[in-house]
A.B. asks: 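Can you read through this structure? Questions will come right after.
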Number of protein chains: 2
Amino acid sequence: METAKIALLGFGTIGSGVAKLLIEQNARIAQRVGRPVTLAKIVDMDLTRDRGVAVPDGVLTSDIETVFNDPSISIVIELFGGTEPARTFVLRALASGKSVVTANKALLATHGPELFAAARKYGQTIAFEASVGGGIPIIAGIGQNLAANQILSIRGILNGTCNYILSAMEERDAAYADALADAQRLGYAEANPSMDVSASDAAQKLAILAQLAFGAKIDWQTIPRVGINTVDVADIRCARELGYTIRLIASARLYDNGLELLVAPTLLRRGMPLAHISEAFNAVHVIGDAVGPVLFYGKGAGQMPTASAVTADVIDTILGRARITFDALNLWPDGVTGAVPLRDPTLSSGRFYLHFQVEDQPGVLSQITSVLGARGISVASVLQREETAAGETDRTVPLIVMTHEANVAAVSDAIATINAFHCVRGECVSLRVLDA
Amino acid sequence: METAKIALLGFGTIGSGVAKLLIEQNARIAQRVGRPVTLAKIVDMDLTRDRGVAVPDGVLTSDIETVFNDPSISIVIELFGGTEPARTFVLRALASGKSVVTANKALLATHGPELFAAARKYGQTIAFEASVGGGIPIIAGIGQNLAANQILSIRGILNGTCNYILSAMEERDAAYADALADAQRLGYAEANPSMDVSASDAAQKLAILAQLAFGAKIDWQTIPRVGINTVDVADIRCARELGYTIRLIASARLYDNGLELLVAPTLLRRGMPLAHISEAFNAVHVIGDAVGPVLFYGKGAGQMPTASAVTADVIDTILGRARITFDALNLWPDGVTGAVPLRDPTLSSGRFYLHFQVEDQPGVLSQITSVLGARGISVASVLQREETAAGETDRTVPLIVMTHEANVAAVSDAIATINAFHCVRGECVSLRVLDA
């Protein structure tokens, strides 16, 4: 059988992991695809740093043209990350007759339609299991294994950095800034963590899942999202008292009148599977109309888990399974604006956790609840404590209101009204609540 | 495109679910495979019972020969269950040039080598996602998505009946017989539940996973197994006090000197993902050398979850993915006795929960612990209570010993010695313990 020749673009953390599998476990990979496999080129600017993997002479290069100019290379693994130059290089790889494997969610969420059109034009494929959920096979799960189903709902913990920070705040009663610093020291968060903590990274992944599961063609930047930098350890404590855990949840839910997408820190009732996902793990909870609920759980980031998913895609591409899947899924189809519309966001409803900081004086609770009641927002429970917040000079107390299911627009309007009250300090913290 | 014509053998619970998907969701399935799909024949002895699905005239028949004699039928779905006549009919389907989709774990665990050899001989495929874990895509997970990994360990809750019974015993403090009766009334357990509660069903599924993940070619009847009918509600209570939950765990673990297989009720430390799987759900926890731990969770049985997996296999077979997977995996290869040997069981070790019923008199604890100590079995904790077991006429008390990691043969020997003591009543209950 002909040798499958592969080029790797990017020799960073994930790239080194993929190189380890393709070089050190070469016999295993060759056995799984039934023919010889060679990592022919690794392209990176840094030609000297030791990545802990023995690369044969002549493989590592800073000259990407050697990849495009070598017709014997049939697969390009793109691990540069970000949108440029990754986009340009993926387009050139496809145009030079190479199939692509990528872990790049920013690239797909931003340029998916253009890249998939190019792949179809040049008769090549793009495989992207590692772009969402790291080592968890969620792309294959939804795209292949649950193919008999109409997917009804997806809820994911898709960002390991945020999950690590929220777990640390909960388990060690750590402030947000301290938990973030911890995460950075341990390598779970980047020096600039803004894509993660602002929920942009999770929104990009959700945009990919929404295309895969629902055919939704959306700009990830239009997905409503709330970062975890809004979450205070006091809210994590209050949530725990009420029987809930706070996690950053990316959700897509199909209604009769469209698809609802949201990424936001969310209170999850303890006992729900997603409530027990800790540290840097990811999990995706999917509901299909036939299969019911299914949960996929594993390491959502890190060198070898992500390399496992990338290499599975390489195996699929060599075997020809990726070809079949690429054609059958027909993702981001040319000229189609989106199989399902986004739902009018003002129709959205949910339960809310509202944290007001209020003056400790008579009548405040009644003032607030009357604003809620006037807008049809029913109160499920109230938590009021006697403590004074540290550093407050006047006497204010936290007032926590858990609502029953309520319309989102009504809740926003109520919060705006209450925030303007003289007896209320600062801005209300409002978080979504899920019970099942 | 040519219509894909399918025959369904068995119109029971699962068969009716598959018929619902192929008939009522025909447009969806056809769209996913890119060509028309027809359920051409359903074979069952009962031609009259209403299954809640509208079957076109001429489809339902009791004459299986109409399937074998129709060359336009390319896929046969076998849902008869059991080993015969399922084996004969699968062999005849393969010989008449039809690929097979089956949910039948007993058939594969017993006749896998013969059936896969026949499929290869006739150039057909066998797909069997639904045979393990119902709607959970564990066969694809291990066989395709984790293909870059050497699997190191599999631990599964593979029998929904047992999990329902153990959950009910724990949550409602119910006796085994009452929980079983409940499960039967709710349809989670069959009138004759012996295949389930004896752990034979889970052992058959483990044999399939062991072939898939490790190439182990074993008779499922040789897998060491302990049924849940050995578990008393008193043990569930004691386990809970110690911070553990009891679940029936099917495990396969790769050691340097071979593969260790076991199905047994096991204490799981709370916080482990498998410890929180309740009711009739299944879950499989897999460790790969690259991906690390991955968990798959969902409904392990039931009409539509199982039909979802069967139909995914039908889609894969029509698309040609099943062909690639079947060839690449080369399961139960001809003339190979097994890629990995079973480990010498006397080398096995683990932590144990030991429940002795002892006379309430001085010196008993020291007698027992000295037997353990003499065999190198270290005691981690002891739980002794003052209560008298109901119905006992003399004064005996339960004595619970949790050991540290210990050799299995040494523990068996110690138990035999202690059981013979005059101060010990009945037989020691011994259960495995997992902490992570």
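Heavy atoms only: backbone and side chains are in, while hydrogens, waters and symmetry mates are out. Chain naming here is simple, since letters A, B, ... match the order of the sequence lines and numbering starts at 1 in each.
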A.B. asks: Between chain B and each of His276(A), Gln303(A), His285(A), Gln144(A), count heavy-atom pairs under 4.5 Å; write down the option with the most.
C.D. replies: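 Of the options given, most contacts go to Gln144(A).
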
A.B. asks: Do you know which two heavy atoms are closest between Val294(B) and Pro137(A), and how far apart they sit?
C.D. replies: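 Taking every non-hydrogen atom into account, CG1-CD, 4.3 Å.
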
A.B. asks: What part of Leu319(A) is in contact with chain B, defined as an atom under 4.5 angstrom from a non-hydrogen atom: side chain, backbone, both or neither?
C.D. replies: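 Leu319(A) touches chain B through backbone and side-chain heavy atoms alike.
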
A.B. asks: At a heavy-atom distance under 4.5 Å, which candidate from Gly302(B), Pro305(B), Ala307(B) has the highest pair count against chain A?
C.D. replies: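 Most pairs with chain A among the choices: Pro305(B).
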
A.B. asks: I'd like to verify something: which residue of Gly134(A), Gly271(A), Gly298(A), Ala148(A) has the highest number of heavy-atom pairs under 4.5 Å with chain B?
C.D. replies: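 Among Gly134(A), Gly271(A), Gly298(A), Ala148(A), the one with the most close pairs to chain B is Ala148(A).
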
A.B. asks: Are the side chains of Lys299(B) and Pro293(A) in contact, using a 4.5 Å heavy-atom criterion?
C.D. replies: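 Yes; the side chains approach each other to less than 4.5 Å.
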
A.B. asks: Where does Gln150(A) contact chain B at under 4.5 Å (heavy atoms): side chain, backbone, both or neither?
C.D. replies: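 For Gln150(A), the contact with chain B is made by backbone and side chain together.
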
A.B. asks: Please give me the minimum heavy-atom distance between Gly135(B) and Leu146(A), naming the atom from each residue.
C.D. replies: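 Heavy atoms of Gly135(B) and Leu146(A) come nearest at O-CD2, 4.5 Å.
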
A.B. asks: Under 4.5 Å heavy-atom distance to chain B, tell me which part of Ser278(A) shows up: side chain, backbone, both or neither.
C.D. replies: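 Interface part for Ser278(A): neither.
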
A.B. asks: In Å and rounded to the nearest 0.5 Å, what is the CG to CG distance from Leu21(B) to Asn149(A)?
C.D. replies: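 Here the interatomic distance stands at 7.5 Å.
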
A.B. asks: What residue in Gly320(A), Ala290(A), Pro273(A) has the most heavy-atom pairs under 4.5 Å with chain B?
C.D. replies: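 Highest number of pairs under 4.5 Å: Ala290(A).
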
A.B. asks: Please determine, among Gln25(B), Met304(B), Arg28(B), the option with the most heavy-atom pairs under 4.5 Å with chain A.
C.D. replies: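 Of Gln25(B), Met304(B), Arg28(B), Arg28(B) has the most heavy-atom pairs under 4.5 Å with chain A.
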
A.B. asks: Over 60° means perpendicular and under 30° means parallel, so classify the ring planes of Phe296(A) and Phe296(B), tilted if in between.
C.D. replies: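 It falls in the perpendicular class, over 60°.
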
A.B. asks: Ile324(A), Thr325(A), Ile136(A): which one forms the most heavy-atom pairs within less than 4.5 Å of chain B?
C.D. replies: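 Among Ile324(A), Thr325(A), Ile136(A), the one with the most close pairs to chain B is Ile324(A).
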
A.B. asks: Is the side chain of Arg32(B) donor-acceptor paired with the backbone N or O of Ala147(A) at a distance under 3.5 Å, no angle test?
C.D. replies: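 Yes: the side chain of Arg32(B) pairs with the backbone of Ala147(A).
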
A.B. asks: Could you tell me which portion of Arg321(A) (side chain, backbone, both or neither) has an atom closer than 4.5 angstrom to a non-hydrogen atom of chain B?
C.D. replies: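 It is both, since atoms from each part get that close.
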
A.B. asks: Under the side-chain contact (heavy atoms from CB on, under 4.5 Å) test against Ser308(B), which residue among Asp289(A), Val291(A), Asn145(A) passes?
C.D. replies: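 Per the side-chain contact (heavy atoms from CB on, under 4.5 Å) rule, the option paired with Ser308(B) is Val291(A), out of Asp289(A), Val291(A), Asn145(A).
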
